[in-house]
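Down below is the structure, laid out as structure tokens.
Residue indices begin at 1 and follow the sequence shown.
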Amino acid sequence: GYSYHYSYRGKEDEGTAKKFAKIKKIELVNHLHPNFTLSEDYRTIRTSILLSSAGNPPRSIAFTSSLPTEGKSATVANMAVSFAQLNEKVLVVDVDMRKPCQHRIFGLRSSKGLSSYLTGKASLDECIQETKIDGISLLPCGPAPPNPSELLNSQPMQQVVSEAEGRFDKVLYDLPPLLAVVDPVVLSNLVEATVMVVYPRKTIEKDFLRAVEEL
């Protein structure tokens, strides 16, 4: 299934507002400034995801958006922090093979990653890296392949999803935008839930509805 959530709080106390003004990037704000109301909003989204299905909450969750620059990758990183704050083992998988950025967010290298495993050049253990944040590991994109859609629609990719679910409490997939490439549709069929990220006052309604229709 898919879900979307938007929360906004316009008022901060004066001290928090001054600190918030110094933030250059929203990535990992949930880790660096856990007391900000924005960080609380990410934890609210976490609760929405955990309550999104009857019975067991989803273990493997894909995040996508209609178009680029709508905050998808920042949302993935901050949601990983939110789940790690519950003492869960979290794996972030960067599936955006055309514009990967999770390795930069977490300050790691991407010389080996998902593409390395899918092409048989490295084992999964060689590709997964521990981040500096307790409880969070990263499977970066790896070298950019010429055929990402074919690699993702393969038996090895299904093995990644299956093995990751067995080793981690939560697996978060950073997918490309839905209206840009077909990759998100392929991956959304492999995971238990897909979250659509919406940029308030920027995302166009018709694009959002088209993206949901694709899912």
Side-chain angles (χ1 to χ4, degrees), residues 1-2 4 27 58-80 90-129 131 136-168 170-199 203 207-208 210-215:
Y2 63 87
Y4 60 93
E27 291 89 346
R59 291 175 74 91
S60 56
I61 308 165
F63 291 77
T64 186
S65 59
S66 305
L67 295 168
T69 68
E70 292 185 311
K72 164 183 60 66
S73 296
T75 299
V76 172
N78 280 295
M79 291 309 302
V90 182
L91 175 66
V92 175
V93 183
D94 197 341
V95 191
D96 196 342
M97 293 188 173
R98 295 167 181 84
K99 293 183 178 181
C101 66
Q102 290 296 333
H103 65 286
R104 290 194 294 270
I105 292 176
F106 287 99
L108 298 173
R109 300 181 64 183
S110 188
S111 54
K112 289 183 180 180
L114 180 61
S115 63
S116 308
Y117 174 78
L118 296 179
T119 55
K121 296 180 179 178
S123 68
L124 203 56
D125 285 332
E126 290 176 316
C127 297
I128 295 176
Q129 305 177 50
T131 72
I136 301 179
S137 299
L138 173 67
L139 176 55
C141 167
N147 56 340
S149 297
E150 288 79 4
L151 288 180
L152 297 177
N153 191 19
S154 65
Q155 182 63 33
M157 187 65 220
Q158 296 179 31
Q159 294 173 350
V160 170
V161 174
S162 177
E163 186 169 343
E165 288 184 9
R167 294 170 58 176
F168 293 88
K170 288 289 182 293
V171 187
L172 309 185
Y173 295 85
D174 185 355
L175 305 188
L178 266 163
L179 300 184
V181 292
V182 300
D183 305 359
V185 177
V186 174
L187 263 296
S188 66
N189 288 317
L190 300 180
V191 300
E192 296 178 348
T194 300
V195 175
M196 281 286 297
V197 177
V198 176
Y199 194 116
T203 299
D207 290 336
F208 171 76
R210 281 177 56 207
V212 172
E213 183 65 25
E214 287 292 326
L215 286 178

Tell me every residue that passes side chain to side chain contact (heavy atoms under 4.5 Å, CB included) with S162, counting only those two or more places apart in sequence or in another chain. none
Qualifying residues under side chain to side chain contact (heavy atoms under 4.5 Å, CB included), relative to D207, sequence neighbours excluded: S66, L67, L179, I204, R210
Exactly one of L124, V92, V171, D94 clears side-chain contact (heavy atoms from CB on, under 4.5 Å) with L139, and that residue is L124
Near Q155 CD, under 6.0 Å, is it more than 12 heavy atoms from other residues, nucleotides or ligands? yes
[X] [atom1] to [Y] [atom2] distance, which is reported to the nearest 0.5 Å:
| X | Y | atom1 | atom2 | result |
| --- | --- | --- | --- | --- |
| D174 | L138 | CG | CG | 10.0 Å |
| M97 | L151 | CE | CG | 5.5 Å |
| T64 | L178 | OG1 | CG | 4.0 Å |
| N147 | N153 | CG | CG | 11.5 Å |
| E165 | E192 | CD | CD | 4.5 Å |
| Q129 | I136 | CD | CD1 | 14.0 Å |

Do [X] and [Y] touch side chain to side chain, with heavy atoms closer than 4.5 Å?
| X | Y | value |
| --- | --- | --- |
| S73 | Q102 | yes |
| M196 | L215 | yes |
| V161 | Y173 | yes |

Looking at every non-hydrogen atom in both residues, tell me the closest pair between [X] and [Y] and how far apart they are.
| X | Y | result |
| --- | --- | --- |
| P58 | K170 | O-CE, 3.2 Å |
| F63 | L172 | CE1-CD2, 3.9 Å |
| V197 | E70 | CG1-O, 3.5 Å |

[X]: which residues meet the salt bridge (charged side-chain N to carboxylate O under 4.0 Å, His left out) condition with it, sequence neighbours left out?
| X | result |
| --- | --- |
| R167 | D125, E163 |
| E126 | none |
| D96 | K72 |

Extract all donor-acceptor atom pairs below 3.5 Å that involve side chains of residues 105-118 and protein atoms in other chains or at least two apart in sequence.
residue	atom	partner	partner atom	Å
S110	OG	G142	N	2.9
S115	OG	C141	O	3.2
S115	OG	P143	O	2.7
S116	OG	G113	N	3.1
Y117	OH	Q159	OE1	3.3

